[in-house]
Amino acid sequence: MRKIIAVFLMILCVALGALLYWTGKDDDRNPPVISFSEEELQYEQGEDTAKLLKDVTAQDDVDGDVSDTLVVESVIPIEGEQKATVLYYAKDESNNVAKARRIVSYIPGDGILWQAEAESETQEAADSEGTTETEEAENLSSGSPRMVLTTNKATVKDGEYNLLSYVKEITDDKDGADWLYYQIQIEGRHDISGPGTYELYYFVYDRDGNCSNRAKLTLTIE
């Protein structure tokens with residue numbers, strides 16, 4: 001009789017443990033944490049993106065190591081610079097999605113690095129606009145985020161643009177750039193409907209509800 005009771009209690013403990021485990025998974029709302037080293041990477045357009053994953057891991061507080069779900073979502077060149085923004089994606093078994101952003105050295109497909117002249121032209125364009133987003137940012141309160149674009153004017157072909165690629169820097173006294181990057185709002189983007197010239201305004205709110213400066217981009221689509 002005692003053996004039967006002992007077996008019953010053992011089965012009951014296993015069942016309760018399994019129930020608690022799966023209940024915990026159902027309540028899992030936390031995304032994995034994506035981590036990578038501080039090593040500076042160089043990526044050339046057209047290369048296998050696998051090289052961008054060699055030192056990247058994704059760790060979840062419930063499922064453990066979920067690095068096998070990691071993918072490079074996109075590589076976005078930063079206009080006028082020798083760099084690109086790499087966006088990583090990972091998820092856990094509860095389908096909580098994590099994203100992370102990393103800046104790497106970048107070589108365009110023709111093998112020629114971005115020219116310094118482009119930076120000079122960007123600055124001249126910004127000066128011709130009058131008050132730049134940097135100057136406007138200086139007038140914000142100390143607790144507000146700062147938004148800086150790579151340029152104030154851009155000309156692209158229809159369908160060959162990425163609006164977020166024009167974001168150069170976002171800073172805040174509390175919130176990190178990675179979190180702020182996914183809160184970016186672009187006023188005017190819904191008005192884009194093919195060739196033409198569009199005025200777009202980039203801004204972001206931090207967790208305290210402070211709004212950044214409104215950085216203006218004049219986008220011409222040919």
Side-chain angles (χ1 to χ4, degrees), residues 33-43 45 52 56 72-89 98-108 113-156 161-189 192 198-220:
V33 175
I34 298 175
S35 304
F36 42 80
S37 71
E38 297 298 322
E39 178 186 357
E40 184 174 349
L41 294 181
Q42 180 170 284
Y43 178 77
Q45 183 180 1
L52 299 173
V56 186
V72 175
E73 188 173 76
S74 61
V75 179
I76 306 170
I78 300 175
E79 186 174 337
E81 296 192 18
Q82 301 172 10
K83 297 183 181 298
T85 300
V86 180
L87 297 180
Y88 295 100
Y89 167 101
K99 291 189 177 185
R101 174 174 173 262
R102 182 186 199 179
I103 303 298
V104 300
S105 297
Y106 180 77
I107 302 177
L113 295 175
W114 293 106
Q115 300 298 311
E117 288 84 351
E119 293 187 6
S120 177
E121 291 174 0
T122 296
Q123 186 59 50
E124 290 176 2
D127 293 341
S128 67
E129 288 292 314
T131 301
T132 66
E133 69 272 6
T134 303
E135 293 170 339
E136 183 184 343
E138 291 175 352
N139 296 325
L140 293 172
S141 64
S142 59
S144 299
R146 266 68 170 168
M147 172 82 70
V148 179
L149 303 182
T150 60
T151 182
N152 294 103
K153 291 183 178 180
T155 300
V156 296
Y161 60 89
N162 185 312
L163 297 182
L164 289 179
S165 69
Y166 297 106
V167 177
K168 180 178 181 180
E169 182 182 40
I170 315 174
T171 58
D172 185 65
D173 62 336
K174 295 181 181 178
D175 299 324
D178 288 342
W179 184 86
L180 290 168
Y181 186 81
Y182 293 105
Q183 315 306 316
I184 293 173
Q185 300 183 49
I186 306 175
E187 183 179 302
R189 65 186 178 88
I192 297 177
Y198 304 89
E199 291 188 352
L200 307 176
Y201 292 88
Y202 293 67
F203 59 97
V204 66
Y205 284 90
D206 64 16
R207 285 188 173 95
D208 293 329
N210 299 312
C211 185
S212 72
N213 55 301
R214 287 160 51 87
K216 179 181 177 182
L217 170 67
T218 300
L219 182 68
T220 299

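Computed from heavy atoms alone, side chains included, the values below leave out hydrogens, waters and symmetry copies.
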| Full working for side chain to side chain contact (heavy atoms under 4.5 Å, CB included) between Val33 and Ser35 | CA-CA 6 Å; Val33 175; Ser35 304; 4.0 Å; yes

Looking at every heavy atom in both [X] and [Y], which two are closest together, and how far apart are they?
| X | Y | value |
| --- | --- | --- |
| Tyr161 | Leu219 | CD1-CD2, 4.4 Å |
| Lys83 | Ile103 | CD-CG2, 3.6 Å |
| Leu41 | Val104 | O-CB, 3.5 Å |
| Arg101 | Lys168 | NH2-O, 4.2 Å |
| Leu164 | Asn162 | N-OD1, 3.0 Å |
| Ile76 | Ser165 | CG2-CB, 2.8 Å |

Under 4.5 Å between any side-chain heavy atoms of [X] and [Y], yes or no?
| X | Y | result |
| --- | --- | --- |
| Tyr43 | Val86 | no |
| Ile184 | Tyr202 | yes |
| Val204 | Met147 | yes |
| Tyr201 | Ile186 | no |
| Lys216 | Thr218 | yes |
| Arg189 | Leu163 | yes |
| Val148 | Val167 | no |
| Gln42 | Ile107 | yes |

| query | Do the charged groups of Glu169 and Arg146 touch, with an N to O distance under 4.0 Å? | reply | no

| task | Could you please spell out the steps behind the side chain to side chain contact (heavy atoms under 4.5 Å, CB included) verdict for Gln82 and Tyr106? | result | CA-CA 5 Å; Gln82 301 172 10; Tyr106 180 77; over 6 Å; no

| task | List the steps and the verdict of side chain to side chain contact (heavy atoms under 4.5 Å, CB included) for Leu52 and Val75. | result | CA-CA 10 Å; Leu52 299 173; Val75 179; 3.9 Å; yes

| Pick one: which of Asp206, Asn210, Asp208 meets side chain to side chain donor-acceptor pair (under 3.5 Å) with Lys174? | Asp208

| Tyr182: what forms a side chain to side chain contact (heavy atoms under 4.5 Å, CB included) with it, not counting sequence neighbours? | Leu87, Lys99

| message | Using 0.5 Å steps for rounding, measure from the OH atom of Tyr198 to the CD1 atom of Ile192. | response | 7.0 Å

| request: Could you grab the distance from atom CG of Leu200 to atom CZ of Arg214, nearest 0.5 Å is fine? | output: 11.0 Å

| Cationic tip of Arg207 above Trp179 ring, under 6.0 Å, 45° of axis | yes

| Evaluation steps, side chain to side chain contact (heavy atoms under 4.5 Å, CB included), between Asn213 and Phe203 | CA-CA 6 Å; Asn213 55 301; Phe203 59 97; over 6 Å; no

| said: Are more than 12 heavy atoms, taken from residues, nucleotides or ligands other than Tyr205, located less than 6.0 Å from that residue's OH atom? | reply: no

